[in-house]
Amino acid sequence: MTADSNKNERYNGREAEIRWQKTWAERGIFATKNDDPRPKYYVLEMFPYPSGRIHMGHVRNYTMGDVVARYKRAMGNAVLHPMGWDAFGMPAENAAIDRKVHPKAWTYDNIAAMKKQLQSMGLSLDWAREIATCDPAYYKHQQKMFLDFLKAGLVERKQSKVNWDPVDQTVLANEQVIDGRGWRSGAEVEQRELTQWFFKISDYSEDLLEALDTLGRWPDKVRLMQKNWIGRSEGLLIRFMLDPATTPNKDTELEIFTTRPDTLFGAKFMALSPDHPLAQAAAAKNPKLAAFIAECKKMGTAQAEIDTAEKLGFDTGIKATHPFDPSWRLPVYVANFILMDYGTGAIFGCPAHDQRDLEFANKYGLGNTPVVCPPGQDPKTLVITNVPYLEDGTMINSRFLDGMTIERAKEEVAKRLERETRGNRPVAQRQVNYRLRDWGISRQRYWGCPIPIIHCDKCGVVPVPEKGLPVTLPEDVSFDKPGNPLDRHPTWKNVNCPTCSGPARRETDTMDTFVDSSWYFARFTDPWNDKAPTTPKAADEWLPVDQYIGGIEHAILHLLYSRFFTRAMRKCGMVGLDEPFAGLFTQGMVVHETYRAKSGDWIEPADVKIEGTGSSRRATLASTGEPVEIGSIEKMSKSKRNTVDPDEIISAYGADTARWFVLSDSPPERDVIWTEEGVQGSWRFVQRLWRLVGEIADIKAPSARPANFSDEAMKIRKAAHRALARVSDDVDKLRFNRCVAHIYELANALGDAIGGIEKVPGEGLAWALREAGDILVRLFHPMMPHLAEECWAALGHETLVATEAWPQVEPDLLVEGTITLPVQINGKKRAEVTVGRDATIAEIEAAVLALDEVKKALEGKSLKKVIVVPQRIVNVVV
RNA sequence: GCGGUCGUGGCGGAAUUGGUAGACGCACUAGCUUGAGGUGCUAGCGGGGCAACCCGUGGAGGUUCGAGUCCUCUCGACCGCACCA
C-alpha cells in the first residue's frame, strides 16, 4: 500500500493484523534462545486456566506484559516472554460429569481455542516454550520434585484435621477456604480427620517473612498481606503446675503460650481447647464435659458461625498453680474459642487486657484485675467493665513488676521463669509462633498430578522409583459417581511394591493444582529438558522473573507457594535463588455496567441499546424495546452477564483498538471501566494515527539531516523528544495510562503542525516532521504493534518496527532556551516572567520586581522577601 | 474488632513528589464540513461575576513564603484478615 492511498482510506485493522501476525511468526522474531549474551529480561504474566475462552481481564493482563516485553526488546534486552496453561483442575472434571467429555479432551480443546484468541491479540510471545501442566512431560518433573522434597525432609504425611469441601468432595488448603466456604464450590467447609501429604512451608516461616523486606519491587499491599498471613508473634511458653488431686490423669503440669507474660498477675483462669489432651482426659471421666466438647465440635464445622458465636466454657474442676505464687489457684476451663493448632492449645486468661478473656470472665463471673494502667490515670480510678485496656501503660497490682513498662515487665517475667527449673527444665522458654500452617496438597480428584507413592502392607509408604516416573493418569475413567475416579479404577492402583515386590496400591490422591503453578516460571527457562525441571544454568540465566504481572487475588496463595517452592528447589540444588519474582505488579480488573430486565434477569451489554446521556440515559432491550434497568458497575462475570467478548471486539475494531483501550484512562493497578464510547474513542485514534502518518509519509524530506532548524521545526523536534523521554520513563514504571496521554499529546502537536503548513515545507521542517513520525510510530509500537508495523512500512522503512531499537533522546531538546516562571504575590499567581535558562537568582528577582503587577502590589507596602525557586516559581511576599 | 488503600470537573483520571490544580481521554455545547445514519475540522467546557477579581481537590483545624500533596481530628467508600492467646 502506498502512502498516497492512505489518506482517504480507513485503516483496516483486522486485515493488517492477521498479515503482520503471519509475518512475525514466519520470521520467528519472538523466539528466545538460551545463552544470549545480551542483558536478560524475563517478563511473565500469570498463565491462564484453560476455561475455553479468554476474557477482558486476560486482554488487560497480557497487553501490559506485552508492552513491557516489546519495550525491553527495543531497549536491547534478550527478552523471555513465554506462555502456558494451568491445565489441571476441577472444571475439567465438572465438564466431564456434565457433558460426558473426557477432561483431557476438554482441556486440550480449550487450550487450542484460547491459543488462537491470544494469537489474535498480537502478543510477542515465544510459543516454542509453551507448556501445559497436565502434560506428563511437565508433571513428571513435579513428581520427581515431590520425591526430592520428601528426601530433603520437606514433605510429610500426617493425620490432621482438614477442610473438607462436601460439594467438590475434596480437601482444601486453609488458603482455599474463604469465609468458611470452599473457594471454588462456595460450599460450607467441614472439618475431617484424614491422612494427608503436606509440604512443610512452615519450615520457612521466618525466612518467608524476613525476605519480604528484600522485595522492593512488590506492592506494599501484597507484602503486608503475606506478612499478616504468616502471622509471627513472639511470646513465652510457660509450664503451670497442676494440683494432682484435681487432675483426671497423671499430668502434673499444663503448658501454655502467651504473648503477654506481663499480665500474669491479672490471671483469672486457664482455658483449654476442646481438642486438648487434658480436656479429652477430663471428658473421659465427666459425661457432661464430653457433651460440651461434642457441642463445641459441632459448632466448629460451620466457620461462618464463629463470628457471632458466644464464648462458652466448662469448668473441669482442675486447678492450676500460679507460677509466681504457690498459694494462688486458677480454675481450668475448656473453652470453645481456644484453637488446638496454635501455640499449645491452652492459655491463661487475663480478662482486664484481652477482649475474649474479658467476655469469658464476665459470662462466668470470674472478675478482673487491671494490671496495666493507662498513662496519666490514677490506678485507683481504673475500672474495667466491658472494654479491655490494650494499649501501653504502667504495671500495677503486679508485685515486683509494679511501675515497669509492658516491655520491661515481659522481659522480667521471662528472665525469672527461664532461670527457674522444674525437673531439669526451665519453667518457661521464649518462643516464636506463626499463624502459617503446613500446606496440605492431597486432593481426592482425578484431573491433577498423581502423587508418586505406593502403599505396601509390608513396607509401608514407598516412593515410586525414578524409572517408574511419570506416574500417568489412566484415561479410561468414569465420572458417573461422586468421589475420586482413580480410587474406583479397576486396575490402575494395583501395583507391585518396588521394595518387596508384593502386592501394593498406588496413592490415589492427586496434588493441589497450586503445586503445578508453583514452579512453571522456572520450567519456562528450559522447557525442553526431559531430565530435570530446569538446569541450574538455564535458571541462573533467566531467573528471577524481572516483571511478573497478574491479579491481586493471588497475593497470598500462588505467590507464597511459589516463594516456598523456589526455596525448596534451591535446597535440592535445582535453582540458585530464593525469590522467584523480583518485580510484581498486580493489575486491576475490567469492570462494566450491569443491566437488568423487568423480570430480574441480567442482560448482556450486546443486547442493550443505550440512548441519551447523563441523567437522561435510558436503556432498552435492543430486540423488543423493553426498558432495561442500568445497574452498578461491577467486575465482568458470567453470573451478572456483563461481559464483553474479546473476540467480538477484536473482529469489530481490531486488537490494537482493544489493547489501546485497556491501557488508557485508568492507572493499571486500578479497575478500568469498559465502555462502548471509550472503545470507539480508541478506534478513532487508530484511524487518526493512520491518517497522520500518511500525511507525514507524503512529505519529501532531505536524506541528510539539515544543519539548521527553524523555530517551527525545533518546536516539533522538542515535542517529539519530550514525548519520547516521558513515554520511556512511564513504560519503565508501568504507568501505561500516562504513556497513552503523552502519545495523544504528540499526535495532537503533529496534527496541528501539519495543519499549519500551507505549501511545501522547508527542508528543516520536513526533516523534523519525518523524524517525529518515526519517533511517534516507535512510541506506540508496544501498545499497538500491528498499526505500528503498517505505519512503519508506510513511512518507507523496510525493517520490522518490532525489531527496531528504541529511539534515542537528544537531551538538548528537553531544555528550553528561556523559561517562563509563574510569579506569585503572597502565594497567589499574579503574573509570569520569562527569563533565560541560566538566569541567576538575582537576575530573576530583578526581572520580577520590574513587573507592573508586582509594582502595583508593592504600592504603599514594603517588600518582605522574594522567594525564587529556580526552574519552578517565584513568590513575592509583601 | 484489627490492618490497609483511597476521596480532585458531568465521568475516567493528570499534577515533574511541597511550587501555575484539572494534562490526556470520554461525554456535552456551538459552528463549519461530510453526507444520509459509530466521519472530519474549529471553538468552548470546575463554580460565581459585565469586569477587575473571588471561591474551589470529602469536612474542620494546623505547619509553610507556598498544601491536592505534610501533620491532627473527622466523615465516607473500598480491600484484606478475623476467636492466632
Side-chain angles (χ1 to χ4, degrees), chain A residues 10 178-180 219-222 224-229 231-233 235-236 256-260 263 271 273 300 303 306-307 309-311 335-339 341-350 353-357 359-360 390 433-437 552-553 555-556 613-615 617 652-653 660-661 664-667 669-673 675-685 687-688 691 726 729 735 737-745 747-748 751 755 820-832 864-869 871-878:
Chain A
R10 269 190 188 166
I178 294 148
D179 291 334
D220 291 343
K221 183 190 168 88
V222 174
L224 188 68
M225 281 167 73
Q226 292 211 355
K227 184 183 169 201
N228 292 338
W229 189 265
R232 181 184 202 274
S233 57
L236 208 57
I256 60 99
F257 176 73
T258 179
T259 56
R260 294 296 303 271
T263 63
S273 163
Q303 299 216 352
I306 286 174
D307 297 359
E310 205 182 348
K311 307 274 175 287
N336 63 348
F337 63 95
I338 308 300
L339 306 171
D341 48 6
Y342 188 81
T344 63
I347 61 150
F348 84 83
C350 173
H353 304 290
D354 184 281
Q355 182 65 47
R356 296 151 303 179
D357 295 353
E359 280 173 41
F360 190 79
L390 307 171
N433 257 306
Y434 300 91
R435 213 186 73 114
L436 182 66
R437 313 287 158 72
I552 185 78
E553 65 272 19
I556 296 173
T613 56
S615 56
R617 226 160 140 262
Y653 298 100
W660 186 252
F661 180 71
S664 58
D665 285 349
S666 293
E669 68 278 9
R670 275 197 235 172
D671 292 349
V672 65
I673 305 170
T675 62
E676 189 62 23
E677 293 87 346
V679 178
Q680 284 175 22
S682 296
W683 182 82
R684 283 199 300 267
F685 187 56
Q687 300 300 330
R688 212 172 109 208
R691 284 195 306 273
R726 289 180 177 170
D729 186 41
R735 297 189 291 213
N737 58 321
R738 304 211 308 188
C739 298
V740 165
H742 299 141
I743 290 167
Y744 268 113
E745 269 178 301
N748 290 346
T820 300
L821 294 173
V823 175
Q824 294 182 333
I825 294 168
N826 288 335
K828 304 213 169 190
K829 194 202 157 192
R830 284 290 181 268
E832 285 181 345
K864 288 210 184 94
K865 60 176 155 177
V866 179
I867 292 152
V868 177
V869 184
Q871 315 288 317
R872 282 285 151 77
I873 201 163
V874 180
N875 195 5
V876 179
V877 187
V878 295

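Each chain gets a letter, A, B and so on, in the order the sequences are listed, and its residues count up from 1.
- Residue contacts for A:Gln680: at a heavy-atom cut-off of 4.0 Å it reaches a base atom on one of the strands shown.
- Using a 4.0 Å heavy-atom criterion, one finds that A:Ile867 contacts the bases of the nucleic acid, with or without backbone contacts as well.
- Of the candidate nucleotides B:rA85, B:rU39, B:rA14, B:rU39 has the atom nearest to the side chain of A:Arg10.
- By the 4.0 Å N-to-carboxylate-O rule, A:Arg437 lies close enough to A:Asp341 to be salt-bridged with it.
- A:Glu359 comes within contact range of no nucleotide atom at all, as no heavy-atom separation falls under 4.0 Å.
- Considering only the side chain of A:Arg684, B:rA27 comes nearest among B:rA27, B:rG19, B:rC55.
- Residue A:Arg830 is classed as a sugar-phosphate contact, given heavy-atom separations below 4.0 Å to backbone atoms only.
- Note that CZ of A:Arg10 and CZ of A:Arg691 are 9.0 Å apart. Values are rounded to the nearest 0.5 Å.
- Out of B:rU20, B:rG80, B:rC83, the shortest distance to the side chain of A:Phe337 is found at B:rC83.
- Nucleic acid contact for A:Tyr744: sugar-phosphate only, since backbone atoms but no base atoms lie under 4.0 Å from a heavy atom of the residue.
- A:Asp220 comes within 4.0 angstrom of no nucleic acid atom, judged by non-hydrogen atoms across all strands.
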Can A:Arg830 and A:Val876 be said to form a side chain to side chain contact (heavy atoms under 4.5 Å, CB included), step by step? CA-CA 10 Å; A:Arg830 284 290 181 268; A:Val876 179; over 6 Å; no
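- At a threshold of 4.0 angstrom between heavy atoms, the contacts of A:Lys864 with the nucleic acid are absent.
- Among the protein residues, A:Asn826 comes within range of no part of the nucleic acid, since none of its heavy atoms lies under 4.0 Å from any strand.
- Of the two residues near RNA chain B, A:Thr675 and A:Val876, the one whose nearest nucleotide lies more 5' is A:Thr675.
- When heavy atoms are screened at a 4.0 angstrom cut-off, A:Ser664 is found touching no nucleic acid atom at all.
- Classification of B:rG9 as syn follows from a glycosidic angle within 90° of 0.
- The pair A:Asp357-A:Lys311 does not count as a salt bridge, with every side-chain nitrogen at least 4.0 angstrom from each carboxylate oxygen.
- Counting any heavy atom pair closer than 4.0 Å across all strands shown, A:Glu676 reaches a base atom.
- Within the nucleic acid shown, A:Glu745 comes within 4.0 Å of sugar-phosphate atoms alone, with no base atom in reach, counting heavy atoms only.
- For A:Thr344 and A:Val869, each mapped to the nucleotide of RNA chain B holding its nearest heavy atom, the one lying further toward the 5' end belongs to A:Val869.
- Annotated as syn: B:rU17, whose glycosidic dihedral is within 90° of 0.
- Between the NZ atom of A:Lys221 and the C1' atom of B:rC6 there is a distance of 10 Å, rounded to whole Å.
- For the atom pair CZ of A:Arg726 and CZ of A:Arg735, the computed distance is 11.5 Å after rounding to the nearest 0.5 Å.
- A:Ser682 comes within contact range of no nucleotide atom at all, as no heavy-atom separation falls under 4.0 Å.
- Within 4.0 Å (heavy atoms only), A:Ile338 reaches at least one base atom of the nucleic acid.
- Here the P atom of nucleotide B:rC26 and the CH2 atom of A:Trp683 are 13 Å apart, to the nearest Å.
- Between B:rG25 and B:rC45, the two C1' atoms lie 14 Å apart (nearest whole Å).
- Separating the C1' atom of B:rC73 from that of B:rC83 is a span of 32 Å, rounded to the nearest Å.
- A:Lys829 places its NZ atom 16 Å from the P atom of B:rC55, with the value rounded to the nearest Å.
- Taking atom C1' on both B:rG48 and B:rC41, the two are 33 Å apart, rounded to the nearest angstrom.
- Within 4.0 Å (heavy atoms only), A:Asn875 reaches at least one base atom of the nucleic acid.
- A donor-acceptor pair under 3.5 Å is absent between the side-chain atoms of A:Ser273 and the main chain of A:Leu339, judged by distance alone.
- A:Asn875 contributes no side-chain N or O that, together with a main-chain N or O of A:Val869, makes up a donor-acceptor pair within less than 3.5 Å.
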